[in-house]
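It should be emphasised that the depicted structure is a prediction, and the values quoted were computed from it without experimental measurement.
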Number of protein chains: 2
Amino acid sequence: MELDQLDRDIIAALVDDARQTYAEIGQQVGLSASAVKRRVDRLRETGAITGFSARVSPQALGWTTEAYVELFCQGKTKPSDIALAVNRFPEVVAAATITGEADALLHIRATDVRHVERVIERIAAMAFVVRTKSSIVLSRLVDTPPGAAVPEARNESATPG
Amino acid sequence: MELDQLDRDIIAALVDDARQTYAEIGQQVGLSASAVKRRVDRLRETGAITGFSARVSPQALGWTTEAYVELFCQGKTKPSDIALAVNRFPEVVAAATITGEADALLHIRATDVRHVERVIERIAAMAFVVRTKSSIVLSRLVDTPPGAAVPEARNESATPG
DNA sequence: CCTGAAACGACCCCTTC
DNA sequence: GAAGGGGTCGTTTCAGG
């Protein structure tokens, strides 16, 4: 589907604060409340906006430790096998198959380092896993709520330096 | 701060759908709408809930490609230096310093592989960067909206297998 | 523009320390 | 008897058509 600048502005506004009223969004983007609502409804129907969610502080919920784990799997392991397996761990908040030496990269959130260790232990014990390589997160530098940036506008990135 | 089970249930409900009415949430958790609102207000004040956001489909916005990039930096590079530098790239949606060989891990979203390449090129050109090691994401297996799980309840993970 | 509904604040009640 | 948390009600504002 096609998104114009107004759609992108509306999305950016909703990513910033999903509880704004349509009138408030309208003021920001230069539309009436009704027009904004029509566009938001359309954006939801077309799947550009998939829902609305509360942003929570993992720390406040007790998730103080995170880690990235590279997964090295047996030759014939299917991505769907990995997906099925890691989905059973609530601690695995993200996972993807990747290029390079490892087959997959997992992002884990846990209550402490000991907890991370237990989860990795269990994952490593799965049949198709040959070995794992973990990195504990020391400090988070960036954690962007996605969707604010605008690829099509060709301002792909600032030009640092 | 202290979170009881009611707070956790309310958070889970809001993570699932931030646009539910207080009355609806109240039905789920067993409270009146007013009581829910009071708790939500408190959760926001204390920082457990940091805001409300629209969930967007990166694909629909044109971000079809992602990559993870390990950063190897010069000996005396400070985390804040890395943070400052990578924050200028809207394509860097997450970054953290980590244990292991690499100093930091970046998560990049871009419009296509060529775009990823350009961003990595620019990052690699930064003064403190010695080298980079990139992995393109082939397929995303898990992408959890964080906050649904409940660490304190001691159901740390399913027991797969 | 109009209607129904939700948010919001005020007030009272109950419990607990 | 003071403080914290919950329920009820009335008013205002927003969503939705």
Side-chain angles (χ1 to χ4, degrees), chain A residues 1-64 111 145-148 150, chain B residues 1-57 60-61 145-155:
Chain A
M1 79 162 293
E2 199 63 19
L3 297 177
D4 62 15
Q5 194 54 44
L6 243 26
D7 289 323
R8 295 171 188 281
D9 290 346
I10 290 172
I11 289 172
L14 283 174
V15 167
D16 181 59
D17 179 6
R19 289 209 160 180
Q20 286 175 103
T21 65
Y22 291 126
E24 286 169 335
I25 299 170
Q27 279 188 320
Q28 295 175 42
V29 305
L31 285 179
S32 74
S34 301
V36 172
K37 175 177 161 36
R38 273 194 295 272
R39 281 178 179 259
V40 171
D41 287 345
R42 183 169 56 80
L43 289 168
R44 297 195 63 174
E45 279 168 17
T46 59
I49 295 175
T50 61
F52 301 94
S53 185
R55 281 193 301 265
V56 300
S57 158
Q59 281 80 8
L61 281 165
W63 304 95
T64 59
T111 54
V150 183
Chain B
M1 80 162 293
E2 198 64 19
L3 296 178
D4 62 13
Q5 194 55 44
L6 243 26
D7 289 323
R8 294 172 190 281
D9 291 345
I10 290 171
I11 289 173
L14 284 173
V15 167
D16 181 58
D17 179 6
R19 288 208 160 181
Q20 286 176 101
T21 65
Y22 291 127
E24 285 169 335
I25 297 170
Q27 279 189 322
Q28 296 174 43
V29 304
L31 285 180
S32 73
S34 299
V36 172
K37 173 176 160 38
R38 270 195 295 269
R39 280 177 178 260
V40 171
D41 287 344
R42 183 171 53 82
L43 288 168
R44 298 195 63 175
E45 279 168 16
T46 59
I49 294 176
T50 61
F52 300 94
S53 187
R55 281 193 301 264
V56 300
S57 159
L61 280 166
V150 183
E152 194 152 339
R154 278 287 161 245
N155 55 346

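Pairing each heavy atom of A/Phe52 with each of A/Ala18, the nearest pair is CD2-CB, 3.6 Å.
Identified under the salt bridge (charged side-chain N to carboxylate O under 4.0 Å, His left out) test for residues 29-38 of chain B, with sequence neighbours left out: B/Lys37-B/Asp41. For residues 42-51 of chain A, the set of pairs meeting the side chain to side chain donor-acceptor pair (under 3.5 Å) definition, not counting sequence neighbours, comprises A/Asp7-A/Arg42.
The side-chain hydrogen bond (donor to acceptor under 3.5 Å, both in side chains) test applied to B/Asp17 returns no partner, not counting sequence neighbours. Residues satisfying the side-chain hydrogen bond (donor to acceptor under 3.5 Å, both in side chains) criterion with A/Gln28, sequence neighbours excluded, are A/Gln20.
When rounded to the nearest whole Å, the span between OH of B/Tyr22 and P of D/dA15 equals 13 Å. If you measure from atom CG of B/Asp7 to atom C1' of D/dG4, you get 13 Å, rounded to the nearest angstrom.
Across residues 34-50 of chain B, B/Ser34, B/Ala35, B/Arg38, B/Arg39 each have a non-hydrogen atom less than 4.0 Å from an atom of DNA chain D (numbered order).
With values rounded to the nearest 0.5 angstrom, B/Ile11 atom CD1 is found 13.5 Å from B/Asp16 atom CG.
The nearest heavy atom of DNA chain D to B/Arg19 and to B/Leu6 marks one nucleotide each, and the one closer to the 5' end goes with B/Leu6.
Picking from D/dG7, D/dG6, D/dA15 the nucleotide with the shortest atom distance to the side chain of B/Ser32 gives D/dG7.
Within the 4.5 Å cutoff, side-chain heavy atoms of B/Arg39 are placed close to those of B/Asp4.
Here the side chain of B/Ser57 pairs no donor or acceptor atom with the backbone of A/Ala48 at under 3.5 angstrom.
Taking a heavy-atom distance under 4.0 Å as the criterion, the stretch of DNA chain C touched by chain B extends 5' to 3' from C/dA6 to C/dG9.
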